[in-house]
Amino acid sequence: MAERVDWNRYFMNIAAEVASRSTCPRKHVGAVIVRDRRILSTGYNGSLRGLPHCDEVGCLMEEGHCIATVHAEANAILQAAMNGVRIEGGEIYTTASPCWPCFKLIANAGLSAISFGEFYREPRILEYAERAGIRLIDLGGGAPRR
């Protein structure tokens, strides 16, 4: 009989599955917003609604980043808003730690914690999460120390 996974692994596994829908070949990211161990919303990185995806037409590159996609965290927050789901006080699980713009969305959406599987290039979130009272939970073990 397989060992039952804990809640963090459970939600991170779901975030990884959500990431399989990503359409930018540069990085597949998935996000799951939960509260009280219930899934409220999911999101993955993909192009603007109704426009061709990177995996169809290529990436739109600017300063080494694809700017054609809406990030997974932003899409999870937007999906909740579009469906009238209150996420304040919830937590987000994401396969990669958020970029600075997504971190700001997470903070202003009132999410209380960010669990991530891979630290992804934005060390300033470490300081600002602490200042904003947002718990950062590194489930991958790769975040830099403050």
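The figures here come from the full heavy-atom set of this structure, side chains too, leaving out hydrogens, waters and symmetry mates.
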- Carefully, step by step, assess Ser22 and Asn45 under the rule side chain to side chain donor-acceptor pair (under 3.5 Å). CA-CA 5 Å; Ser22 294; Asn45 55 323; 2.4 Å; yes
- Query: Between Trp7 and Tyr10, what is the ring plane arrangement, given parallel below 30°, perpendicular above 60°, and tilted in between?
  - Reply: perpendicular
- Message: For Trp100 and Tyr128, take the angle between the two ring planes, folded into 0 to 90°, and tell me which bin it lands in: parallel under 30, tilted 30 to 60, perpendicular over 60.
- Response: perpendicular
Is it the case that one hydrophobic cluster holds both [X] and [Y], taking links as side-chain heavy atoms less than 4.5 Å apart, direct or via other members?
X	Y	value
Val70	Ile106	no
Leu126	Phe116	yes
Ile33	Leu78	no
Val85	Leu105	yes
Tyr120	Ile137	no

- Message: Does Arg35 have more than 12 heavy atoms from other residues, nucleotides or ligands lying within 6.0 Å of its CZ?
- Response: yes
If we only count heavy atoms from C-beta on, is the [X] to [Y] side-chain gap below 4.5 Å?
X	Y	answer
Leu111	Ile134	no
Ile125	Phe119	yes
Met61	Arg26	yes
Ser97	Glu118	no
Val29	His71	no
Glu17	Ile14	no
Pro25	Cys54	yes

Gap separating the [atom1] atom of [X] from the [atom2] atom of [Y], nearest 0.5 angstrom:
X	Y	atom1	atom2	value
Thr95	Asn13	OG1	CG	11.5 Å
Asp6	Arg9	CG	CZ	7.5 Å
Tyr44	Thr94	OH	OG1	14.5 Å
Ile39	Tyr93	CD1	OH	10.5 Å
Glu91	Asn8	CD	CG	8.0 Å
Thr42	Ile92	OG1	CD1	10.0 Å

- Checking Asp138 side chain against Gly140 main chain: does a donor-acceptor pair fall under 3.5 Å? yes
- Message: Testing the 3.5 Å rule here: is there a donor-acceptor pair between the side chains of His53 and Thr23?
- Response: yes
- Query: Side-chain donor-acceptor pair under 3.5 Å between Gln79 and Ser41, yes or no?
  - Reply: yes
- Message: Assess whether a salt bridge exists between Arg135 and Glu130, defined as any Lys/Arg side-chain N lying under 4.0 Å from an Asp/Glu carboxylate O.
- Response: no
Identify the two heavy atoms, one from [X] and one from [Y], that lie closest to each other, and give their separation to 0.1 Å.
X	Y	value
Cys59	Cys66	CB-SG, 3.7 Å
Val18	Gly43	CG1-O, 3.2 Å
Val57	Pro52	CG1-CB, 3.6 Å
Gly46	Asn75	N-ND2, 4.1 Å

